[in-house]
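In the text below, chain A, chain B and the rest are named by the order of the sequence lines, each starting its count at 1.
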Protein chains: 2
Amino acid sequence: MSDFDLEQFLPYLLNQAAEAASLEFQQVYKDRYGMLRNEWRVLFHLGMFGEMTASDIGARAGLHKTKISRAVAKLEARRFLVRDRDGQDRRVEHLRLTAAGTAAYRDLQGVARRYDAELLSDFQPTDVARLKQQLGALAQRRGHTPLR
Amino acid sequence: MSDFDLEQFLPYLLNQAAEAASLEFQQVYKDRYGMLRNEWRVLFHLGMFGEMTASDIGARAGLHKTKISRAVAKLEARRFLVRDRDGQDRRVEHLRLTAAGTAAYRDLQGVARRYDAELLSDFQPTDVARLKQQLGALAQRRGHTPLR
DNA sequence: CTGTAATAGTTGTATTTGTAACTAACAAGC
DNA sequence: GCTTGTTAGTTACAAATACAACTATTACAG
């Protein structure tokens, strides 16, 4: 019929791998904290970098502002973060984790560490480094030649 | 604050890479045929393997039957595929592409080939092979040790 | 100042998706 | 034959997402 191999097509392969690799971790943040993907991402950004604005997070995570807005609202409702209106520019709000938010972050961060190690336990350390470096390069990429 | 690096966390990294790598191809099947992700996936399965049932596709693609059902309905409405009720087991339907469906498949398959080559144009062939092999292994994986 | 544009963040609405419940057809035990 | 269970596929409804329009505030040109 055709000698094209879908499973060797990078976007497909990456999606399958990403989905499989996310599954167990998703189970944890969902079951344990009722969080959604964008919520743990925001939590992690604040946990890692401390105080940030919604725009900062959006720029760094490549997330649209509406996603951030909703994730922040949820995390605020769960008392995992608080907002501080900026004194100079009153459009801006500085976000930071509460004690409860920090505790959740630390918990999930530990899970993430262990999970990452387990996911890669069958790979050589040198392969892990190369793999992550290559994925980083792909993630970086912004559209080059338009497709015909 | 914390020395955890989110961007080195494999599920996150894979998601970022998968999203970036899917973007341009998505643009094409969306703009050109108004398709959704599951629709091109079903189209490609039928294009590659010829006649298949919805269950066959679901098993091979790791897609839930409701996703297949809806994708098939859309493709049928666009006259890209037809259904044949099985003579032995009347629950089963055999799906195959129409001429229009085959044409769309061939078009997109060519785009996919070129896109894949372009995505990986900065990598050494040996690195490409290893990367795809590693991603395949990750995609394969089914949950091991439960996370604590 | 004042009007125009830009930016931070929110909200509304239409699509999409996920999950469970459903229908129809087959299979197997009794 | 009947009851019980299983499988193929669909449908209904709740939840999540994308995208555009919105408010509030600041910036800046004249």
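When each of B:K74 and A:I68 is assigned the nucleotide of DNA chain C bearing its nearest heavy atom, the one mapping closer to the 5' terminus is A:I68.
Of the candidates A:L46, A:L81, A:N38, A:L81 is the only one forming a side-chain contact (heavy atoms from CB on, under 4.5 Å) with A:V72.
Distance CD (A:Q27) to P (C:dG18): 13 Å, rounded to an integer number of Å. In this structure, B:D86 atom CG and D:dG9 atom C1' are separated by 14 Å, rounded to whole Å. The CG-C1' distance, from A:L63 to C:dG9, rounds to 15 Å in whole Å. Between the CD1 atom of A:I57 and the C1' atom of C:dA8 there is a distance of 13 Å, rounded to whole Å. Rounded to whole Å, atom C1' of D:dT10 lies 10 Å from atom CD of B:E93.
Proximity of the aromatic rings of B:F9 and A:F44 is defined here by a centroid distance below 6.0 angstrom, and this criterion is not met.
In this view, A:D116 and A:K132 satisfy the salt bridge (Lys or Arg N to Asp or Glu O under 4.0 Å) rule, not counting sequence neighbours. With sequence neighbours excluded, no residue forms a side chain to side chain donor-acceptor pair (under 3.5 Å) with B:R90. Checked against side chain to side chain donor-acceptor pair (under 3.5 Å), B:E76 has the following partners two or more places apart in sequence or in another chain: B:R83. Annotation: side-chain contact (heavy atoms from CB on, under 4.5 Å) contacts of B:Q88 (sequence neighbours excluded): B:D86. Applying the ring pair (Phe, Tyr, Trp, His ring centres under 6.0 Å) rule to A:Y29 yields the partners A:F25, A:W40; only residues at least two apart in sequence or on another chain are considered. Partners of B:R79 according to the salt bridge (Lys or Arg N to Asp or Glu O under 4.0 Å) rule, which considers only residues two or more places apart in sequence or in another chain, do not exist here.
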When you compare the protein's N or O atoms with those of nucleotides 17-20 of chain D, which come within less than 3.5 Å of each other, and at what distance?
{"from": "D:dA18", "atom 1": "OP2", "to": "A:K67", "atom 2": "NZ", "distance (Å)": "2.9"}
{"from": "D:dA18", "atom 1": "N6", "to": "A:R70", "atom 2": "NH1", "distance (Å)": "3.2"}

Nucleotides 22-25 of chain C: which of its N/O atoms have a protein N/O under 3.5 Å away?
{"from": "C:dA25", "atom 1": "N3", "to": "B:R91", "atom 2": "NH1", "distance (Å)": "3.3"}

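Checking the phosphate oxygens (OP1, OP2) of D:dG9, no side-chain nitrogen or oxygen of B:S69 falls inside 4.0 Å. Between B:S55 and D:dG9 there is a side-chain polar atom (N or O) within less than 4.0 angstrom of OP1 or OP2.
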Acceptor/donor pairs from residues 64-71 of chain B side chains to any protein atom, 3.5 angstrom cut, sequence neighbours excluded:
{"from": "B:H64", "atom 1": "ND1", "to": "B:T66", "atom 2": "N", "distance (Å)": "3.2"}
{"from": "B:H64", "atom 1": "ND1", "to": "B:T66", "atom 2": "OG1", "distance (Å)": "3.2"}

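The residue B:R83 sits close only to the backbone: its heavy atoms come under 4.0 Å of sugar-phosphate atoms, none of a base.
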